[in-house]
Every structure is written in structure tokens, then in C-alpha cells.
Amino acid sequence: MKLYGEYCKAMYDRDMICNDHSFIVYKSFEDGSLYIHSIYTTPEARGKGAYLELEQELINKVKPSSIFCYVDTTANDPTLSLKAILKSGYKIFSTTSDSIMLKKDM
């Protein structure tokens, strides 16, 4: 995962935080908002809180006022991602024909 994190930083000036089972690629902004570009949890860790632990670590590190993320509806099984994100406190912010933008106010 280290190489992927370096790629995200070099290409897009995005940071990555990870644990043994999940990673989050994100960018924080001066207005206090945080944008999550990618989330991944290994299949064996899904539903066991690995992502939530990592998200809390990120919140503690960055201390955002709000967090934005999106679900790509053209991805494999976007319903699974949407359910997990909604369950962790996000609300639908906007939609397009191929994505659902979500927001969590802190």
C-alpha cells in the first residue's frame, strides 16, 4: 500500500491513511473540509469495524468540520458501499447519473 500512497501524493497531492485491513485516500482543505477519494476494506474485514476505526483515526488527525465522499454507481456492487457509508453517519448531499455524493458534518 505504501507505493499506492506515494502515487496518490505525487499525482494528486492526496494523502493516505491505512491499517492492516483498510485504507482511505483523502485531501483536506483550508476551509476545514475533508474529501475522501477512495476507501477500501479487505473482504474478510468488512462489517467488523476496520474502516470505522480508520475513519476515526483520520478524524482525530485532521479534525475536519465536514467530510465528503462519493459512491461510484458504475462500480461493482455500489449498494454495499452506499449502505456502509450511510450507516456511518453520512447523508446524501447530491447525485449525478453515475455517482452519489455524501457528507458528514462533524
[X]: what forms a side chain to side chain contact (heavy atoms under 4.5 Å, CB included) with it, not counting sequence neighbours?
X   : answer
E53 : none
Y4  : Y7, C8, M16, F23, V25, S38
T42 : H21, Y40, E44, A45

### Message
I need the Y26 OH to L34 CG distance, nearest 0.5 Å.
### Response
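Interatomic distance, Y26 OH to L34 CG, rounded to 0.5 Å: 7.5 Å.
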
### Task
Would you give the length of the straight line joining atom CG of L58 to atom CD1 of I67, rounded to the nearest 0.5 angstrom?
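L58 CG to I67 CD1: 6.5 Å, rounded to 0.5 Å.
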
#### Entry: Set of residues satisfying salt bridge (Lys or Arg N to Asp or Glu O under 4.0 Å) with respect to K27, sequence neighbours excluded
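Testing K27 for salt bridge (Lys or Arg N to Asp or Glu O under 4.0 Å), a comparison that skips the adjacent residues, returns D13.
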
### Query
Mind checking what makes salt bridge (Lys or Arg N to Asp or Glu O under 4.0 Å) contact with K91, not counting sequence neighbours?
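Result, salt bridge (Lys or Arg N to Asp or Glu O under 4.0 Å) vs K91: none returned.
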
Please list, chain by chain and in numerical order, all residues satisfying side chain to side chain donor-acceptor pair (under 3.5 Å) with [X], sequence neighbours excluded.
X   : result
S33 : D31
D20 : none
T41 : S22
S88 : none

### Query
For Y35, which residues count as a ring pair (Phe, Tyr, Trp, His ring centres under 6.0 Å) partner, sequence neighbours excluded?
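Partners of Y35 by the ring pair (Phe, Tyr, Trp, His ring centres under 6.0 Å) criterion, ordered by chain and then number, come out as H37.
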
#### Entry: NZ/NE/NH1/NH2 to OD/OE distance under 4.0 Å, E57 and K61
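Answer for the salt bridge query: no.
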
Throw together a table of side-chain donor-acceptor distances under 3.5 angstrom for residues 72-85, partners on residues two or more places apart or in other chains.
residue : atom : partner : partner atom : Å
D72     : OD1  : T74     : N            : 2.8
D72     : OD1  : T74     : OG1          : 2.5
D72     : OD2  : T74     : OG1          : 3.3
T73     : OG1  : D98     : O            : 3.0

### Message
Is it the case that over 12 heavy atoms from other parts of the model lie below 6.0 angstrom from the OH atom of Y51?
### Response
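More than 12 within 6.0 Å, yes.
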
### Query
Do any pairs count as a ring pair (Phe, Tyr, Trp, His ring centres under 6.0 Å) and have a residue in residues 74-106, sequence neighbours left out, and if so which ones?
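Sorted pair list: F68-F93.
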
